[in-house]
Amino acid sequence: MANVADAAGEPIPTSSVLMAAAKHIEINCMPENVEFLKCKKKDPNPEKCLDKGRQATRCALGLLKDLYQRCKEPMEGYVGCMYYHTNEFDLCRKQQQAFEKACPLE
């Protein structure tokens with residue numbers, strides 16, 4: 001089974017964790033991600049967008065920590081299912097519903 005958090009309780013942003021939290025990240029971190037994408041489109045030099053990238057990353061990591069603290073068991077169940085089934089959403093709908101019930105999309 002995949003570990004959702006490290007020994008300090010910080011969520012580990014594996015593909016399964018990120019896929020399970022994708023809808024939450026989309027909704028809650030949209031401004032940061034839009035600004036990052038605008039920057040990347042405007043200037044192909046990666047150094048020009050480091051600050052915007054840090055802001056987007058900070059938002060996603062903060063959100064993962066919040067979700068893990070508020071909805072630990074349903075999140076672990078959903079992430080574990082996604083890990084086991086190689087991130088196939090269709091095979092984890094039951095766990096997804098439990099997670100989204102415990103931590104509704106805002």
Are V17 and Y84 connected into the same hydrophobic cluster when the rule is that any two of I, L, V, M, F, W, Y join if their side-chain heavy atoms are below 4.5 Å apart? no
Check N87 against S15 and note the closest heavy-atom contact, atom names and distance. ND2-OG, 3.2 Å
NZ/NE/NH1/NH2 to OD/OE distance under 4.0 Å, K23 and E26: no
So does A60 get a backbone contact from the side chain of H24, meaning a donor-acceptor N/O pair under 3.5 Å? no
With a 4.5 Å limit on heavy-atom distance, are the side chains of H85 and C81 in contact? yes
Are side-chain heavy atoms of C103 and M75 found at a separation under 4.5 Å? no
So, E32 and R58, do they make that salt bridge, N to O below 4.0 Å? no
Distance check, rounded to the nearest 0.5 Å: C71 atom SG versus E76 atom CD? 11.5 Å
For the side chain of D66 and the backbone of G62, is there at least one donor-acceptor N/O pair under 3.5 Å apart? no
Beyond-backbone contact of K48 with N45, side-chain heavy atoms, under 4.5 angstrom: yes
Can you tell me how far the NZ atom of K40 sits from the SG atom of C49, to the nearest 0.5 Å? 5.5 Å
Nearest 0.5 Å, what's the CZ-CG distance between F36 and L50? 8.5 Å
Could you grab the distance from atom CG of D51 to atom CD of E35, nearest 0.5 Å is fine? 11.0 Å
Strictly by modelled atom types, are Y78 and E100 linked by a side-chain donor-acceptor pair under 3.5 Å? no
Do you know the tightest heavy-atom contact between K52 and C39? CG-CB, 4.2 Å
May I have the step-by-step check of side-chain contact (heavy atoms from CB on, under 4.5 Å) for N28 and L105, ending in yes or no? CA-CA 9 Å; N28 291 287; L105 299 168; over 6 Å; no
Below 4.5 Å, heavy atoms only, C-beta onward: do I12 and L64 meet side chain to side chain? no
Going from CG on L67 to CG on L63, what distance comes out if it is rounded to the nearest 0.5 angstrom? 4.5 Å
With rounding to the nearest 0.5 angstrom, report the CG to NZ distance, L37 to K42. 14.5 Å
